[in-house]
Amino acid sequence: MSGKTGYDFDLFVIGAGSGGVRAARIAAGHGARVGICEESRVGGTCVIRGCVPKKLLVYAAHFAEDFEDARGFGWSVGPVRFSWPDLIRAKDAEIDRLNQVYLRLLSDAGVTLFEERGTFAGPHEIRVGVQLVSAKRILVATGGRPWLPDVPGVEYAISSDEAFHLEALPARVAIIGGSYIACEFAGIFNGLGSRVTQIYRGEALLRGFDGDVRRVITTEHRRKGIELMLGRNVEAVVKTDSGLELVLDRGDPILVDQVMYATGRVPNVRGLGLEKAGVEVRADGRIAVDDLSCTSVEHICAVGDVTSRVNLTPVAIYEGHAFADTVFGGVTRPVNHEFVPSAVFSQPPVGTVGYAEEMATHHVGPVDIYLSEFRPMKHTLSGREEKALMKLVVARDTQQVVGIHVVGPDAPEIVQGFAVAVKSGLTKDRFDRTIGIHPTAAEELVTMKTPVRSHG
Ligand code: NDP
């Protein structure tokens, strides 16, 4: 297969997830001969066992409240019934469709796909199944995998990977963790009818997020009926005749049917043979890269969760695209990870971009905080006690809006739009000059006039 470079490929990508597929397609578009390998299913975590199926389950879970809320608007909703197998079947069909779309994207771009695990056999050599291929450049895009702490009986627990394929909806489920995945799945199982206990070692959910977001989400989880055990650790999981018993560091054990750990993810580097190519791996397992995604070995780059910079799909896609443009397109595109918006698809959901109130002065000096907390209009008739939050963090000296935090219906959609303003460095005055859309929740972000407090 060797071409004019003396290698089989100009670029070989290990891992066909969001970052790897984007890099492969763009590089091929720039004229490179590209190979890619995938040991699981093309599409990666996001498409196959992450963002996409998760969001479908979030939609499913929300119907429980929609049926209840409809009554306040004059609707009589008859008895409702939920079928987990029907939902999983529909979800699987959609994931199969997307998998096909990804396969087609690769073949249309002329990328050679190897549906095998790839490992380094040397600096330019990759073993893919039984074949050995060589490439001038190699991109590692192997993503991450769930990490579970080493507690006795943890083998009885599942991670989010398995949660998407349970045969039945567990009647009682314990979720360990207090971040993205834990909060999203607590909302999913609770909405679908499981009795959910969420166990988190911290004092408020979503560590690292803005303090008001943490407070509102912690309150709302409880209000929705999730049993939240804060400041607790699980010491053991014990299998009994009546279910799985969780032994906690204090208080009585709890009995559930399913235990799901959402205690973080680690870079997928195990068995990859990076040492054979001389690639530096940090103590926590991530591949060290510079802002052009280059590793310690010049011709080997890495993008996405395996580099653990900002572990979000759109970031991996951006990194993959920037890599391909830089190396094969003749445009040097370093990746800037400042002001990356993100969302937690909890119930209610969170959208956020920029600095949390607690961190802002550290980055930009004195700040003014604008805050509005209110009952969304829909709930005046639905009767639901659910609070929404809109918050701006403004650097006092420059008047630049450096943080937006939203909790409530459509928060991720709202913040995606406003993130353009924050990334562009717009000032509070620009927000003030923008006329709101009435009646919306998001209009609060352009109508808040007086800071509720200041720091610095
Ligand atoms: P995170 O790394 O965000 O959080 C891990 C959670 O587990 C924290 O609450 C942490 O507690 C807790 N934890 C860690 N170690 C232990 C332990 N030994 N015992 C008890 N609790 C522990 O992980 P997630 O699994 O939620 O998410 C993984 C990644 O996936 C994130 O980086 C996120 O970026 C991404 N993701 C993004 C989503 C989105 O954009 N909507 C959705 C899902 C995932 P503490 O806070 O005290 O450290």
Side-chain angles (χ1 to χ4, degrees), residues 17-19 44-58 143-154 157-164 174-188 197-209 211 213-214 217-218 221 228-237 246-249 259-268 284-286 304-319 337 340-353 356 358 406-407 411-413 415-416 419:
S18 302
T45 302
C46 174
V47 174
I48 306 297
R49 65 192 84 81
C51 330
V52 175
K54 176 274 309 287
K55 183 108 189 249
L56 296 174
L57 300 197
V58 169
R145 58 186 163 80
W147 176 84
L148 281 64
D150 187 18
V151 299
V154 77
I158 59 169
S159 70
S160 55
D161 282 0
E162 293 80 31
F164 290 114
I175 296 179
I176 322 307
S179 191
Y180 287 89
I181 298 180
C183 290
E184 292 179 341
F185 272 89
I188 288 168
T197 308
Q198 186 176 1
I199 302 163
Y200 175 48
R201 63 186 180 181
E203 294 307 320
L205 296 170
L206 294 178
R207 190 163 68 88
F209 282 72
V213 169
R214 302 184 67 191
I217 289 297
T218 303
H221 267 221
L228 204 50
M229 298 183 139
L230 297 175
R232 307 277 179 92
N233 277 296
V234 175
E235 296 201 323
V237 183
L246 287 181
V247 181
L248 305 177
D249 53 353
V259 177
M260 177 179 147
Y261 272 84
T263 42
R265 296 174 60 87
V266 289
N268 222 348
D284 59 5
R286 71 197 150 111
D305 289 6
V306 76
T307 64
S308 203
R309 288 174 275 183
V310 179
N311 293 343
L312 298 170
T313 299
V315 174
I317 292 173
Y318 197 98
E319 290 167 355
H337 292 92
V340 173
S342 80
V344 185
F345 293 93
S346 47
Q347 300 191 26
V350 177
T352 180
V353 59
E358 296 74 15
V406 178
V407 181
E413 306 285 346
V415 170
Q416 177 65 85

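Both counts, for ligands and for their atoms, begin at 1 and track the order of listing.
By the ring pair (Phe, Tyr, Trp, His ring centres under 6.0 Å) test, Y261 is found to be paired with no residue, residues two or more places apart in sequence or in another chain being considered.
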In a simple table, one pair per line, please give the protein and ligand 1 atom names for every N or O pair closer than 3.5 Å, along with the distance.
unit_1, atom_1, unit_2, atom_2, d
ligand 1, 3 (O), S179, OG, 2.7
ligand 1, 4 (O), S179, OG, 3.4
ligand 1, 7 (O), A262, O, 3.4
ligand 1, 9 (O), G178, N, 2.9
ligand 1, 9 (O), S179, N, 3.4
ligand 1, 11 (O), R201, NE, 3.3
ligand 1, 25 (O), G264, N, 3.1
ligand 1, 26 (O), Y180, N, 3.3
ligand 1, 26 (O), I181, N, 2.9
ligand 1, 34 (O), N311, O, 2.9
ligand 1, 40 (O), A343, O, 3.4
ligand 1, 41 (N), E184, OE2, 3.0
ligand 1, 41 (N), A343, O, 2.7
ligand 1, 46 (O), Y200, OH, 2.6
ligand 1, 46 (O), R207, NE, 2.9
ligand 1, 47 (O), Y200, OH, 3.3
ligand 1, 47 (O), R201, NE, 2.9
ligand 1, 47 (O), R207, NE, 3.4
ligand 1, 48 (O), R201, NH2, 2.9
ligand 1, 48 (O), R207, NE, 3.3
ligand 1, 48 (O), R207, NH2, 2.6

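A 4.5 Å side-chain heavy-atom check between V259 and I176 finds at least one atom pair inside the cut-off. Residues M260 and I181 are in side-chain contact: their nearest non-hydrogen atoms beyond the backbone lie under 4.5 Å apart. Between F164 and L57, some side-chain heavy-atom pair lies under the 4.5 Å cut-off. Side-chain contact between F209 and I217 is absent, with no heavy atoms from C-beta onward closer than 4.5 Å.
Exactly one residue among C51, P314, P53 makes a side chain to side chain contact (heavy atoms under 4.5 Å, CB included) with C46. That residue is C51.
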